[in-house]
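Working notes, beginning with the structure itself.
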Amino acid sequence: MSAAVLPSVAPASDSGGHHGALTADRAASLLAACSTARRASELHAAVVRKGLDSDRAVAFRLQRAYAASGRLDHSLTLLGRTKDPTTIFYTSAIHAHSSRGLHLPGLALLSDMLSEGLLPTAHTLSASLPACRGLSLGRALHAYAFKLALSGDSYVATALLSMYARAGDAAAARALFDEMPDPHVVSVTAMLTCYANMGALDDARRLFDGLPRKDFICWNAMIDGYTQHGKPNEALQLFRRMLRSSAEPDEVTVVLVLSAVAQLGTVESGKWLHSYVKNSRCVQLNVRVATALVDMYCKCGSLEDAVAVFHGIGNKDIVVWNAMINGYAMHGDSRKALEMFVQLRDQGLWPTDITFIGLLNACSHSGLVEEGRSFFQSMEHEYGIDPKIEHYGCMVDLLGRAGLIEEAFHLVQSLTITPDAVMWVSLLAACRLHKNMALGQRIADFLVANGLANSGMYILLSNIYAAVGKWEEVARVRSMMKASGIQKEPGCSAIEIDRKVYEFVAGDMSHPCTDEIYAMLDKMNALVKEHGHVPQTELVLHDLDEATKEKALAVHSEKLAVAFGLISSRPGSTIKIVKNLRACSDCHAVLKLISKITSRKIVFRDRNRFHHFVDGSCTCGDYW
Ligand SMILES: [Zn+2]
Ligand SMILES: [Zn+2]
C-alpha cells in the first residue's frame with residue numbers, strides 16, 4: 001500500500017467547526033457530511049489531537065471522507081494503518097477506486113481483502129464487479145457470489161447484469177434480467193445498451209419504449225445504436241422525439257446525431273441541428289461539437305459551411321484539422337487539402353495516421369502520384385507513424401488509378417499484413433479502368449482459386465473475364481455469386497426535399513408520385529440518348545437481352561432520385577443525392593449530361609467521395 005504523506009496534525013483554529021468538545025460521535029457525523037479534501041484534513045487534524053483516531057467508526061469515516069473527496073492516496077494510507085480492517089473498510093476503498101475507473105487497483109484491494117481471510121458482502125461484490133473488464137474474472141465473481149448465496153441480491157444481480165452487458169454477453173445478461181422481479185432502471189439501461197451496441201435494435205427499442213421515465217443515458221444509448229448500425233434516419237427521428245420529452249440532450253447526444261446526419265447527407269437537417277446547438281443552454285459549441293459539425297457539413301456536401309465552422313474554432317486540435325483535410329479530399333479539392341497540411345505544421349501541430357489517410361486520399365482522387373509517394377515516405381520516416389492497412393490501401397488505389405498497376409500489385413505482394421478486400425477491389429478496378437486485362441485475369445484467378453473472391457468483386461471479376469472472352473469463367477463467377485447466398489447490398493439513393501428524406505432503390509415504385517417520377521425518368525433517358533449516351537449494358541450481370549439490360553440500368557436508384565429532384569425542386573436549384581454504394585459508371589455518365597441539359601448543379605455523394613456535376617462534367621474528372 002502506498003505511504004502517501006498525510007496532512008500535518010498541527011492544531012487547526014476551529015477544528016470541528018463546532019464549539020465544545022469533539023467526541024467520537026460528533027467527529028463521525030462531521031466526517032460523514034464532509035465533502036472536500038481540505039475539510040477532511042482539518043477534521044483529521046482535530047481527530048488526531050483529541051486521540052480519536054483509534055476509534056474504528058471515526059477511522060472508517062475519515063478513510064471514506066478522503067476517498068469521497070478524491071484523495072485516494074490518503075484514504076489508502078489510512079486503510080494501511082488500520083488495525084485489522086474489516087470488510088466494510090475494504091469495500092469502501094474498492095468502491096472508491098472502481099467508481100473512478102481505477103479498475104486494477106480496485107481489484108487488487110479485493111484480492112488483499114480475500115487473502116486476509118475476509119468474506120465479501122453483497123456491497124463488496126457490487127462494488128467490485130464494475131471493475132471487471134472481460135468475462136473471465138466477471139464469471140469467477142458470479143460463481144463466487146452464487147456460492148455465498150449473494151447472487152440474488154438486487155445490487156449484486158444488477159452489477160452482474162451490467163458486467164455481462166458491458167462484455168457483450170447478451171444471453172447471460174438477459175438471463176439475469178428475466179429473473180429480476182422488478183428490474184431497476186440501471187439494469188434496463190445496461191440491457192438496452194448491450195442490445196444497441198450489438199445491433200439488436202428491435203430488442204433495444206422494446207426495452208426503451210417500455211421505460212416510463214427515460215433519462216438522457218437511455219436516449220443516447222438508443223440513438224447511438226441507430227447511428228452505429230446504419231439507421232441514421234431513425235436516430236434523427238428519435239432525437240426529434242427526445243426534444244419533445246423532458247430529457248435534456250447533452251454533448252454526446254448532439255455529436256451522435258451529427259454523425260447520423262453526416263451519414264444521411266441531409267444538409268437541411270444539419271443546419272437545423274447547428275442552430276439548435278447555437279441556441280442551446282445545455283450543449284456548448286466546444287471543439288468536439290465543432291469537429292462533428294465540420295465533418296457533418298463536409299459529408300453533407302457543404303464545404304463552405306464546414307470552412308466557416310472551422311475558422312470559428314478558437315483552439316483547433318489535430319482532430320478538427322483532420323476532419324477538414326478529409327473534407328477537402330472527399331470533394332476532390334486536393335490542392336486545399338495539401339495546403340492545410342502545411343498550415344497545421346506551421347501551427348506546430350503534429351499529424352496523426354488519420355491526417356495521412358486524408359492526404360493520401362486527396363492525392364489519389366487527383367492523380368498526384370509523386371506527392372502521394374512522398375507523403376507515404378515522410379509519414380514513416382519523418383513523423384514516425386507506422387503505415388496501417390488503410391494507408392497501404394490508399395497507396396494501391398493511388399498507383400492503380402494512375403495506371404501504375406504493376407507497381408500497385410508489387411506493393412500488395414510485398415505486404416507483411418494480409419491484404420484486405422478493399423485493396424483487391426482497387427486493383428481489379430484499376431485493371432478494368434486501364435484495360436490491363438492480363439494482370440486483371442491473373443489477380444482474378446488468384447482470388448477465385450484462393451476463395452478470396454467476395455460479393456463486392458463479382459461484377460469486376462465478371463467484367464474482366466468478359467472483356468477477354470473467357471465466357472466459361474464468366475459463368476463460373478455468376479454461379480459463385482448465386483451460391484454464395486450473400487445478397488449484394490442493394491444500391492439506395494436518398495434525396496432531401498423540404499427537410500424530408502426520400503429513399504429510392506433500383507426500380508422503386510413505392511413513392512406516391514411514382515407516375516410523375518417515371519415520366520420524368522423516361523424523358524431523361526430519351527434526352528441523354530439524343531445527346532449521344534450509349535447505355536453501358538455490360539454492367540448488368542444477369543443473363544438478359546440487351547433491351548432488358550437497358551431497362552435495368554434506366555431505373556437505377558440515383559436516376560430515380562434525380563428524376564424526383566427535378567420534379568420537386570425549384571428550376572435552377574442544386575440537386576443533392578447521397579448513395580450508399582460507389583457511383584456506377586452509367587449513372588455517372590447520365591448525371592453529367594443531365595446537369596448540362598437541365599442547367600442544374602448535381603452534388604452526388606457516393607460511398608467514397610463527392611461528385612459535383614456541372615454543365616456536363618464532374619469534379620472527379622471521371623476518376624473515382
Ligand atoms: Zn447506375
Ligand atoms: Zn464524378
Side-chain angles (χ1 to χ4, degrees), residues 265 298-299 301 303 327-334 361-362 364-367 397 401-402 426 429-430 432-433 456 458-460 462-463 488-495 503-508 517-518 520-522 524-525 527-529 531 533-542 544 546-566 574-598 600-624:
C298 288
K299 289 180 177 157
L303 261 180
Y328 280 125
M330 218 186 290
H331 285 271
D333 197 340
S334 311
N361 269 327
S364 176
H365 287 167
S366 301
D397 199 53
R401 280 169 199 274
S426 298
R432 188 178 64 178
L433 181 69
Y458 290 140
I459 293 194
L460 281 166
S462 149
N463 285 166
K488 200 174 136 247
E489 188 184 352
C492 176
S493 298
I495 180 168
E503 291 179 327
F504 294 89
V505 292
D508 207 320
I517 294 171
Y518 276 81
M520 176 50 92
L521 195 62
D522 286 343
M524 278 167 54
N525 285 319
L527 279 169
V528 295
K529 272 196 176 170
H531 281 75
H533 176 69
V534 181
Q536 301 170 22
T537 47
E538 72 276 11
L539 295 174
V540 182
L541 254 196
H542 307 282
L544 304 166
E546 279 300 296
T548 324
K549 282 186 180 179
E550 255 184 51
K551 271 190 202 145
L553 279 177
V555 295
H556 271 184
S557 65
E558 48 269 62
K559 289 175 187 139
L560 283 168
V562 169
F564 179 59
L566 285 171
T574 301
I575 294 177
K576 291 187 177 175
I577 311 282
V578 175
K579 191 188 177 189
N580 61 339
L581 305 177
R582 208 171 171 130
C584 110
S585 59
D586 187 68
C587 290
H588 194 272
V590 167
L591 265 45
K592 276 201 298 186
L593 284 172
I594 290 292
S595 74
K596 184 176 179 162
I597 298 166
T598 63
R600 293 268 206 139
K601 189 176 170 193
I602 303 172
V603 178
F604 177 77
R605 185 182 100 189
D606 73 7
R607 176 171 273 178
N608 298 324
R609 62 167 299 153
F610 273 92
H611 304 263
H612 297 251
F613 298 97
V614 186
D615 196 26
S617 58
C618 179
T619 47
C620 74
D622 299 331
Y623 197 81
W624 77 94

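Position 1 is the first residue of the sequence, and the numbers go up from there. Worth knowing before you read on, the calculation uses all heavy atoms, side chains too, and leaves out hydrogens, waters and symmetry mates. Just follow the structure's listing: the first ligand is 1, and inside any ligand the first atom is 1.
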Listing by chain and number, which protein N, O or S atoms are under 2.8 Å from the Zn ion (ligand 1)? H556 ND1, C584 SG, C587 SG
Do any of the N/O/S atoms of C618, backbone or side chain, fall under 2.8 Å from the Zn ion (ligand 2)? yes
Check the orientation of H331 and F610. Use parallel for under 30°, tilted for 30 to 60°, and perpendicular for over 60°. parallel
Which residues pass the side chain to side chain donor-acceptor pair (under 3.5 Å) test with K596, sequence neighbours left out? none
Nearest to the Zn ion (ligand 2), which N, O or S atom of H611 do we find? ND1
Is a donor on one side and an acceptor on the other found under 3.5 Å between the side chain of S595 and the backbone of I602? no
Quick one: list whatever passes side chain to side chain donor-acceptor pair (under 3.5 Å) with T598, sequence neighbours left out. none
Residues in side chain to side chain donor-acceptor pair (under 3.5 Å) with N525, at least two apart? none
If I take atom CG from residue N608 and atom SG from residue C620, how far apart are they, to the nearest 0.5 angstrom? 11.5 Å
Whether S557 side chain and V505 backbone form a donor-acceptor pair below 3.5 Å: no
